[in-house]
Amino acid sequence: MKILVCISVVPDTTTKITFTDNDTTFNKAGVQFIVNPYDELAVTRALEIAEANNGTVTIVHVGEADSEPSIRKALSMGANEAIRINAIPVDAQFVAEEIAKIAQGYDLILTGRESIDYNGGAVCGLLGALLNIPSINVVTKIDYNSGNFTFDRDIDGGKETLTCAGPLVASAQKDLCEPRIPNMRGIMAARTKPLQIIEASVSNQAANYQSYSLPAAKGSVKLIDAENAGELINILKNEVKVI
Amino acid sequence: MSIVVFAESSDNQFKKSTFEAISYAKEIGTLMGKEVVAVNISSIANSAELGKYGASKVLNCNNTDGFTSDSTSEIFASICKQIGASIVVVSNSYVGKSLAPRIAISLNASLATNVISVPDLSNGFTVKRGVFSGKAFAFVNLNRDIKVLAITPNSFEINANGSDCATESVSVNASPSKITINAVNKVTGKIPLTEAELVVSAGRGMKGPENWNMIEELASLIGAATACSKPVSDMGWRPHSEHVGQTGITIKPNLYIAIGISGAIQHLAGVSSSKTIVAINKDPEAPFFKSADYGIVGDAFEILPKLISALKN
Ligand SMILES: Cc1cc2nc3c(=O)[nH]c(=O)nc-3n(C[C@H](O)[C@H](O)[C@H](O)COP(=O)(O)OP(=O)(O)OC[C@H]3O[C@@H](n4cnc5c(N)ncnc54)[C@H](O)[C@@H]3O)c2cc1C
């Protein structure tokens, strides 16, 4: 069983988002970067399935050299090897097209449900289409049994259970598993695990990020006396007219 | 060249987000002088009502096999090619997001998900999309001739000024799906959180799952969906599908009532685009009050019964 897990590297969730150069560039100053939380779940579940089925886990990341600590983290969780495709990950289509070039020959490919920076939620489906294999997004359970994968996935307003034979690509949603925390042995071993660097080659870029903006600041809060809490209902009905 | 909308449905009914997507497409159609064609890949036979929202024609492709990302995408992409789609609009739902990327590859298009506004055509084709889980917006230029847009529910108003339109049936030969659907469990009688216009949400301040009956009652009285903070779903007090925030669902309702939620940055990321925010918290220093329009400082266990009785009167 060969499993490929695609990871993105994103600003820590506590980051206050700001932009520079006339709002055209995300301001990385002082920002701590982490493995995308959903991708950690994908790595963990991939390792569990590989361990139970005598398989291997390869990590792939499209990004520059500064994301190597995050790649090493995935290796320290237990992945066997990693590939870094050297480029600025400009958008989901670029990332998927780059990954597709190295993604042949895996039984299972996992991504996160979305990366918490650009929230595209698209890499799973893009890879599925590029490789002409099924894509199954937002999965909360993956089991493997003699050639078939079974999934639980979130659908709008409920859940669905599916079966599909590999090769396929799926995206990890919360509840899939608890993220594995690397231990000291894993951290030591990760230092010498193979990390291959490949140069990017996609040139026909589908989208360009031009600029950014921040949500308008809220005015100050109007407080309603707790004793007279029912007044809130009156305001929502007659002033805001929302209920 | 037309604008094609995927008419998403659930339980044999078109979804509200489909009406939004068609209204959205109609607005672009008017700007660009293109007609809007809705594509209904389901078992719904009567689809003429989609004309009200701006479709000039609906193509019905009878499908009783349910939605699978591979086969439904193949059918939809083939129809888009047949009618020469230049823009494809879907809802940014789980269905839409499993479809849109596959369609974008089939049509060699540019893809944008999480889109929240009508494109700006003054310098190419620029869309505004939500990024950093609600903490910011990005303006993105789509370079390829064909564009696939997934629009966020509740970001575009429904416009029902039109009238019923013509419908046509089409049939498409697609390969059978490699995916077998074993079971579908929909929560019935509940509004899906991602589409809800009103949301009542509660946090660790509610002390335990046994206290959620008050939250449920308030929500059902105003017709709202229920949501929760991350620790609440982590502890299993509520299902994870209710978890909103940076690592949960991002929502954009007209009203968000947060009860016993502190207002951590990761929580606010997912809810701060709500139009009106109400915070109820016993701690006057709770960060949520800085992001709320209305606030009540006090004990939720005393305030909730007051709200419920005010609604019942
Ligand atoms: C990587 C990462 C990702 C995260 N992602 C998310 C996310 O997506 N969504 C999310 O919600 N959180 C997320 N968090 C967690 C976030 O940082 C907060 O810990 C969490 O939002 C707090 O939840 P809470 O407000 O319910 O609980 P608490 O912080 O415990 O707050 C409870 C609040 O209830 C109030 N209260 C207590 N009793 C009462 C009462 N009787 N009446 C009224 N008020 C009362 C208290 O004053 C307090 O403000 C994330 C954290 C990390 C590290």
Side-chain angles (χ1 to χ4, degrees), chain A residues 11 13-14 16-17 19 37 91-93 116-122 124-126 128-130 134-138 140 154-165 174-175 205-215 218 221-224 226 229-230 232-236 240 242-243, chain B residues 10 69-70 93-95 97-98 101-102 105-106 110-111 113-114 126 130-133 135-144 178-187 192 194 198 222 240-241 246-247 254-255 265-266 272-273 276 289 291-298 303 306-307 310-311:
Chain A
T13 57
T14 55
K16 190 165 183 291
I17 304 296
F19 301 100
D91 88 318
Q93 273 170 286
I116 62 166
D117 51 1
Y118 290 98
N119 310 109
C124 168
L126 289 167
L130 288 164
S135 47
I136 300 172
N137 61 355
V138 285
T140 55
D154 283 353
I155 54 173
D156 303 281
K159 270 201 176 298
E160 195 171 69
T161 308
L162 312 164
T163 306
C164 190
K174 197 190 162 192
D175 264 16
Q205 206 175 305
N208 289 89
Y209 279 73
Q210 301 283 333
S211 62
Y212 299 89
S213 70
L214 294 171
K218 284 262 175 201
V221 59
K222 293 189 194 75
L223 288 179
I224 296 156
L232 174 67
I233 302 300
N234 181 28
I235 292 176
L236 295 177
V240 190
V242 68
I243 58 173
Chain B
S10 170
S69 63
D70 54 351
S93 58
Y94 288 131
V95 162
K97 275 194 285 190
S98 55
R102 297 192 75 105
I105 298 296
S106 302
S110 286
L111 169 70
T113 55
N114 231 2
T126 313
V131 291
F132 296 103
S133 310
K135 289 180 187 171
F137 305 106
F139 297 87
V140 189
N141 239 346
L142 302 182
N143 302 332
R144 296 188 181 162
K178 294 191 180 118
I179 303 166
T180 312
I181 303 175
N182 306 321
V184 179
N185 282 309
K186 287 210 179 170
V187 189
T194 43
L198 312 177
I222 60 172
H240 82 86
S241 55
Q246 186 149 19
T247 51
N254 293 336
L255 174 66
I265 185 167
Q266 298 96 343
S272 57
S273 336
T276 299
F289 289 119
S291 300
D293 301 282
Y294 298 93
I296 306 180
V297 180
I303 293 167
K306 288 191 178 137
L307 298 180
L311 279 162

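Chain A is the first sequence line, chain B the second, and so forth, proteins listed ahead of strands; every chain is numbered from 1.
Heavy atoms closer than 4.5 Å to chain A are found in both the backbone and the side chain of Ile181(B). With a threshold of 4.5 angstrom between heavy atoms, Asp293(B) approaches chain A through its backbone and through its side chain. Heavy-atom distances place both the backbone and the side chain of Asp154(A) under 4.5 Å from chain B. Proximity to chain B (any heavy atom under 4.5 Å) is restricted, for Asp175(A), to the side chain, taken from C-beta onward. Looking at Val242(A), both its backbone and its side chain come within 4.5 Å of chain B, counting heavy atoms on both sides. For chain B, the nearby part of Gln93(A) is the side chain; its heavy atoms alone come within less than 4.5 Å. Heavy atoms of Leu223(A) lying under 4.5 Å from chain B belong to its backbone as well as its side chain.
Among residues two or more places apart in sequence or in another chain, the side chain to side chain donor-acceptor pair (under 3.5 Å) test is passed with Ser272(B) by none. By the side chain to side chain donor-acceptor pair (under 3.5 Å) test, Lys222(A) pairs with no residue at all, sequence neighbours left out.
Interface check for chain B: of the options Ser135(A), Gly128(A), Cys124(A), Gly158(A), the most heavy-atom pairs under 4.5 Å are formed by Ser135(A). Note: Ser133(B) leads Ser93(B), Gly130(B), Ser133(B) in heavy-atom pairs under 4.5 Å with chain A. The residue among Ile17(A), Thr13(A), Ile233(A), Ile224(A) with the most heavy atom pairs within less than 4.5 Å of chain B is Thr13(A). Ranked by non-hydrogen atom pairs under 4.5 Å with chain A, the options Gly298(B), Ser241(B), Ser98(B) are led by Ser98(B). Chain A forms the most heavy-atom pairs under 4.5 Å with one residue out of Asp70(B), Leu142(B), Thr247(B), and that residue is Thr247(B). Counting heavy-atom pairs under 4.5 Å between each of Asn254(B), Asn141(B), Asn185(B), Val131(B) and chain A puts Asn141(B) at the top. When each of Gln246(B), Lys135(B), His240(B), Lys97(B) is checked for heavy-atom pairs under 4.5 Å with chain A, His240(B) comes out on top. Of the listed residues (Pro11(A), Cys164(A), Ala165(A), Pro37(A)), the one with the most heavy-atom contacts under 4.5 Å to chain B is Cys164(A). For the options Asp91(A), Asn234(A), Ile235(A), heavy-atom pairs under 4.5 Å to chain B are most numerous at Ile235(A). Your options are Thr14(A), Ile116(A), Leu214(A), and the one with the most heavy-atom pairs under 4.5 Å with chain B is Ile116(A). The choice from Pro101(B), Ala310(B), Pro192(B) that makes the most heavy-atom pairs within less than 4.5 Å of chain A is Pro101(B).
If you take CG on Leu255(B) and CG on Leu198(B), they are separated by 5.5 Å, rounding to the nearest 0.5 Å.
Atom NZ of Lys218(A) sits in a crowded spot, with more than 12 heavy atoms from other residues, nucleotides or ligands closer than 6.0 Å.
The six-membered or imidazole ring of Phe139(B) lies away from that of Tyr209(A), with a centre-to-centre distance of 6.0 Å or more.
With a 4.5 Å cut-off on side-chain heavy atoms, Ile155(A) and Lys186(B) count as touching. Side-chain atoms of Ile179(B) and Ser69(B), non-hydrogen and from C-beta on, do get closer than 4.5 Å to each other. A heavy-atom distance below 4.5 Å is found between the side chains of Phe132(B) and Tyr118(A).
Contact between Gly295(B) and Phe289(B) at its shortest, heavy atoms only, is CA-CE2, 3.7 Å. Scanning all heavy atoms of the two residues, the minimum distance from Ala207(A) to Val140(B) falls at CB-CG1, 3.7 Å.
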> Could you walk me through whether Lys159(A) and Thr140(A) pass the side chain to side chain contact (heavy atoms under 4.5 Å, CB included) check?
Replying inline: CA-CA 9 Å; Lys159(A) 270 201 176 298; Thr140(A) 55; 3.0 Å; yes
